[in-house]
Structures are given as C-alpha cells and as structure tokens.
Trainee: 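Handing you a structure now.
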Amino acid sequence: MKDKPIIVQSDFTVLLESKHPKAEDVRPLLSAFADLKKSPDGLHTYRITPLSLWNAASSGATAEEIVETLNAYAKFGVPAAVVRDITTYVNRYGLVRIEREGKQLMLRCEDPEVLKSISGYDSLRSYWEPSPMDHRHTIAVRLSERGAVKQELMRLGYPVVDVAGYQDGEPVGIALRTTLRRSGKPFGLRDYQEEAVEAFYRGGAAAGGSGVLVLPCGAGKTVIGIGAMAKLGRATLILTTNATSVRQWREELLDKTTLSEEEIGEYGAERKEVRPVTIATYQMLTHRKTKDAAFTHMKLFGERSWGLIVYDEVHLLPAPVFRATADIQATRRLGLTATLVREDGREEDVFSLIGPKRYEVPWKRLEAQGWIATVDCTEVRVPMSGEPLEAYRKSAAREQHRIAGENPAKLDVARRLLEAHRGTPALVIGQYLDQLATLSRELGAPVVTGETPSAERERLYAAFRAGDIGVLIVSKVANFAVDLPDAAVAIQVSGSFGSRQEEAQRLGRVLRPKEGDNAAHFYALVSEGTKELEFAMKRQMFLVEQGYRYRSVAWDASQPFAANGLRVTTTKEGEQAG
C-alpha cells in the first residue's frame, strides 16, 4: 500500500504526493471529479465537492468508477462514509428532471419521498403551476421559472437534468468551409474539436444543446463554437469579452464558414447590427445609464428568434447576465472556457443556467499530440530592497500587493530574460499602468492597455504577428481572446490577487503551436519575502492541476543568467513552487 500516491480523508480531501512516480498518472483522474485547493511542494490537496461530482456525472462518470479510482491509488483505503456520500451525490444527478408534456413543463422525480420534500420548500412554492399534479412523480412548473427552479434546486442539493428541449430558432445556412477563405489552406475540425461539438450536440437529443466545453487557450475554442453553429444551423447570438474578440469572431466566421458579411452583425458602441449571427460583448449587455437604471441592451436576448447563444469565456459571465440567462432556458446555450473556476464563486449558476460540463480535454493530451506548445514554467523570486521595501513594510495589505508587484528590480530581470530569448516573439504582461509605462520606456517596446485606441491596438497586434515587433508589453486587456499565435515567451511582472483564471489565460498566450521544437516559456516574476509569493501559489494551482510544473529560482543580479538557475531550453522537469 505504501507505493500508492494518495490519502483519502473523511472530510472529502484527497492528498496527492506530487513527487510520487505515479502522481502524473493520478492527477488527470483526480481532476475529473475533485478540485485542487492547495499545491505546496510535495503534497497537493484536492477536495471532492457535490459540484465536482455532478460535473463528473454529467460527463458520464459513475459512483462506482470514482470509488474504484480512489481505491486503486489510496494508501489506506477510502473511508466508508466517503464512499457512501460519493454514491449519494452522484446518484442525485439525474434523479430530478425537467421534461415537457405538451406545452407544460413538468418536474419529474421517480422517488416520491424526494419529490414530496422538494414540493414542500417555501423557496420553490411560487414556481409551481396551480394545476393538478401527479403527487407521486411530477410537479407542474411555470414556463417562466425554468431557470429559477434549476438554480434553487441546485442550491438545495438536487441538480436538475433539463430534457425539456429548446425552441428551434430561426434557420440559418451555416456550413464549414473545406478550405480557408484567407489562405486557401485545407480546413477541418481536429478530432478533439469534433468530439467537443458532438458532446454538446448529443445527437440532437433533448439532453443536448446546453453545457460547457473546457479546453485550453490555443486549442481552438472559437472553432469549436463555429462547429456547433454549423451543426445546428440556427440564428446565433455570440457573447464575448471585448471589442477585439468581437472582431476576431467575425474574422473566424468569414474565414471558416459560408456565412456572408451581411449575415454577421456586430452589436457594440459604434454599430448595433442585429443579424442572423450577432456578436456582442458582456460589457455592452451590462451597460446602464445609472447604477439603479435598467440594463439598456439586455433586450438583445429577445431581438431575434435565437436558436443558440454562445457564451465565450463563460467563467467571466457577469452576474447581471445570469438573470437574463435564467429567463432564456428555452434557447440552446454553449459555454466555452479554459477553466470553470470563477472568482465570484458562481460555478453552480454556470452549471444550472448554462449547463453542466459536457467535455474537457486534458492540456497534456493536446501537448503530447502537438496541438499546443510544450511550456517551461518558471517562477523567478526577485529580491526587494531600499525604499520599495520600506514602503512595503509600512503599508496596508492591498497597497503591499501593488508595491510588491511594481518592484523596480523586476525591470532588470525582464530585460535579461528578453536578452536570453532575443529573436523569439515575447510578451511582457502586467497589472499596473505606471509599471508598464516604465517597462515600455526602458525596454523600447510598445505597450497596449485599455486606453489604447482599437485601431492602434489592432495595428500593434498585426505588427507583432508579422514579426515587425519582437516584444509587446500588455496590460490585462490581453488576458482574453487576443490572437497572438507567434508568442513563444511570456514574462508576467504583476497580476491580480491569486486569480487562477488569469494565470491560465496568460499562459494561454504562449500555448499555440510553434514551428520547429514547439516549445514556449512562461516566467512569473514575484517579489521575494512578500505576500506576492502567497498569491503566486494560488494563481499556479490551476496549471499544476493540468500537469504543469513550476520551477522556482531565486534571482541574484550579481550572477550570470545561467547561474540564476534559468535556462532557455525547454524541459518538463522541475519542481512546483513551494
């Protein structure tokens, strides 16, 4: 038993010995039904939750398979109470269903005692129709409360499987091209992209048509969304994160489908086109004139008979949009993301209102197949001294985070990293505008921030892609949906408070496949002896869960580059920062 790598505890935590020879085999199996919570060097802590089990169940996993996995790798077996509760939670998935009988929605449960308990909750009473009900198996649900019922039952511990089907929506002729419009190169979905589309579509059955697909940046989530659109052939509303992403969706649709320019609309500040395929931003939908005013553009959800709504980067879906999403449960919904982690903790709302996780492909699988780059991840711990250190010691916690992030010593580290990778397209990514302005001035590289005009931003992106600009400095505007396919080095100089999703997105900037050795480098610069180290560990958890390892090296400005423990060659070896 001692050669097994995990310990399963009675509080639903699972401890994984990260340096165990079998750790890399176990990690993807655990991640399928448990969430990584802590990742210190040597021992990683996972937690099994009802939501993690329900996402696993929605992907087809059974309680028996989950328990078998734990038993196969647990040093001391699995506590009986954990086995019992895993079985209880997994079996709850599918126990309660929403079905359609004619024009009526029915909540069905084959267990009369569970249905009786559900019918008695005060928080649900207003959602029931005052029509006769089969007291043993069904309750009539108000059509307008389909989303609200699912949200509340999720909160009460009963995930609903919604098989009531969807309105067809307006038919639109959307076909995938066999050759790309721009380059003339052959085009077709990769095997995992086809798998993702089919997992969402599910043969057109009522159970298909809603859910979340989880794939790494660079894996072609936009292409998968386009594949789902072609499969359905219906009017589609695409919601995404920013104006740059809107234009990228438009370009990808024109390049890879038979849609004409007249069939694709952009709904934004400059033009408000509602066409068979319409692309808008979350910011546009949540715009309102005053804090207490109604949201000006939420009406977009009802502007056309949509057959599909695509939520790009669904982990960033703003809270106000959840209300609109609750009201449109009769419309097919597709969420695309690299991570289900939400900083606001609303993962359950994504599950109940967008749909459960339908498909996830391990990052390491795509790396092994060459679809994404092999990345060497290094945390560089940079000393902080002098006035910045004194200011740090005297400041409040939030100000300390900024001071540590803006540590002036990081400039020299960034410069020397860029020199070591001279000739390789590189991004320098940061949180603070003053810091980025200094880096831009000292490194002689252009900077893109939220204040950069769209036309100038696009010019710089195009120049970077063409190789005319070798180094580009970017703020958090580049975290999401920015097409930088040739970036092979990313240097993160500062970031948000422990944001796992931001770390995943920033690594994604260098994941797209490369010519030659298909290798990339990701450096995270953190100030030694500060709270930035703690936040860095939190940020890295998602990537550790995907099988990446961070080497941690201490920077010494007096030493040559190699003496600092840094190297340019890619390796999969190394240790997670502790």
Side-chain angles (χ1 to χ4, degrees), residues 39-41 375-393 400-422 424 426-432 434-436 438-445 471 473-474 487-498 502-503 506-507 509-510 519-540 543-544 548-578:
S39 58
D41 188 21
V375 186
D376 179 35
C377 299
T378 306
E379 178 185 78
V380 184
R381 298 186 176 185
V382 183
M384 189 165 67
S385 58
E387 291 184 10
L389 182 58
E390 284 300 311
Y392 178 88
R393 289 170 174 168
Q400 283 182 333
H401 182 260
R402 183 190 63 79
I403 293 169
E406 293 186 307
N407 182 359
K410 292 182 180 181
L411 170 61
D412 182 54
V413 180
R415 179 185 287 112
R416 290 172 69 177
L417 287 172
L418 290 172
E419 288 173 354
H421 291 282
R422 187 179 297 278
T424 303
L427 299 175
V428 179
I429 309 173
Q431 177 86 355
Y432 303 106
D434 289 346
Q435 179 187 35
L436 298 183
T438 299
L439 286 164
S440 177
R441 184 173 60 253
E442 295 293 328
L443 298 175
V471 178
I473 299 171
V474 290
V489 173
I491 303 171
Q492 178 175 257
V493 294
S494 54
S496 300
F497 292 85
E502 182 176 79
E503 193 86 347
R506 289 181 171 183
L507 179 73
R509 302 281 70 84
V510 296
H521 300 265
F522 183 75
Y523 297 97
L525 311 189
V526 297
S527 294
E528 185 72 83
T530 72
K531 291 182 179 179
E532 198 174 27
L533 284 173
E534 177 186 341
F535 289 127
M537 285 186 63
K538 291 179 180 178
R539 293 168 63 84
Q540 294 165 13
L543 304 185
V544 173
Y548 290 95
R549 291 185 180 184
Y550 267 82
R551 292 184 306 117
S552 178
V553 300
W555 180 260
D556 184 347
S558 66
Q559 296 295 320
F561 184 86
N564 277 285
L566 293 162
R567 57 185 185 273
V568 178
T569 55
T570 299
T571 177
K572 295 183 181 179
E573 298 302 319
E575 296 181 356
Q576 154 69 14

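Index from 1, following the sequence. Because the structure is predicted, anything quoted here is derived from the model rather than measured.
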Trainee: What's the spacing between Glu406 CD and Leu411 CG if we round to 0.5 Å?
Mentor: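 These two atoms lie 12.5 Å from each other.
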Trainee: Minimum heavy-atom separation for Ala414 to Leu525, with atom names?
Mentor: N-CD1, 4.2 Å
Trainee: Classify the ring geometry between Phe535 and His401 as parallel (under 30°), tilted (30 to 60°) or perpendicular (over 60°).
Mentor: perpendicular
Trainee: What are the two closest heavy atoms between Glu532 and Ser494, and how far apart are they?
Mentor: OE2-CA, 4.4 Å
Trainee: Kindly indicate whether the side chain of Val489, heavy atoms from C-beta on, has any atom under 4.5 Å from the side chain of Val510.
Mentor: no
Trainee: Grab the two heavy atoms, one from Gln435 and one from Gly405, that are nearest each other, plus how far apart they are.
Mentor: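 Taking Gln435 first and Gly405 second, the nearest heavy atoms are NE2-O, 2.8 Å.
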Trainee: About how many Å separate CZ of Arg506 and CD1 of Ile429, when rounded to the nearest 0.5 Å?
Mentor: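 Rounded to the nearest 0.5 Å, the CD1-CZ separation comes to 5.5 Å.
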Trainee: Tell me, please, which residues at least two apart from Thr378 pass side-chain contact (heavy atoms from CB on, under 4.5 Å).
Mentor: Asp376, Val380, Tyr523, Arg551, Val553, Leu566
Trainee: Within a strict 4.5 Å, meaning less than it, do heavy atoms of the Gln431 and Ser496 side chains meet?
Mentor: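 Heavy-atom side-chain distance check passes, below 4.5 Å.
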Trainee: About how many Å separate CD1 of Ile473 and CD1 of Ile491, when rounded to the nearest 0.5 Å?
Mentor: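 Rounded to the nearest 0.5 Å, the CD1-CD1 separation comes out at 9.5 Å.
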Trainee: Closest heavy-atom contact between Thr530 and Ser527?
Mentor: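 Scanning both residues, the minimum pair turns out to be OG1-O, 2.8 Å.
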Trainee: Tell me every residue that passes side-chain contact (heavy atoms from CB on, under 4.5 Å) with Glu528, counting only those two or more places apart in sequence or in another chain.
Mentor: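 Only Arg381, Leu533 meet the side-chain contact (heavy atoms from CB on, under 4.5 Å) criterion with Glu528.
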Trainee: Which pair of heavy atoms, one from Arg416 and one from Trp555, lies closest together, and at what distance?
Mentor: NH1-CZ2, 3.5 Å
Trainee: Pairs under 3.5 angstrom only: tabulate donor-acceptor contacts from the side chains of residues 384-392 to other protein residues two or more places apart or in another chain.
Mentor:
residue, atom, partner, partner atom, Å
Glu390, OE2, Arg393, NH1, 3.4
Tyr392, OH, Lys531, N, 2.9

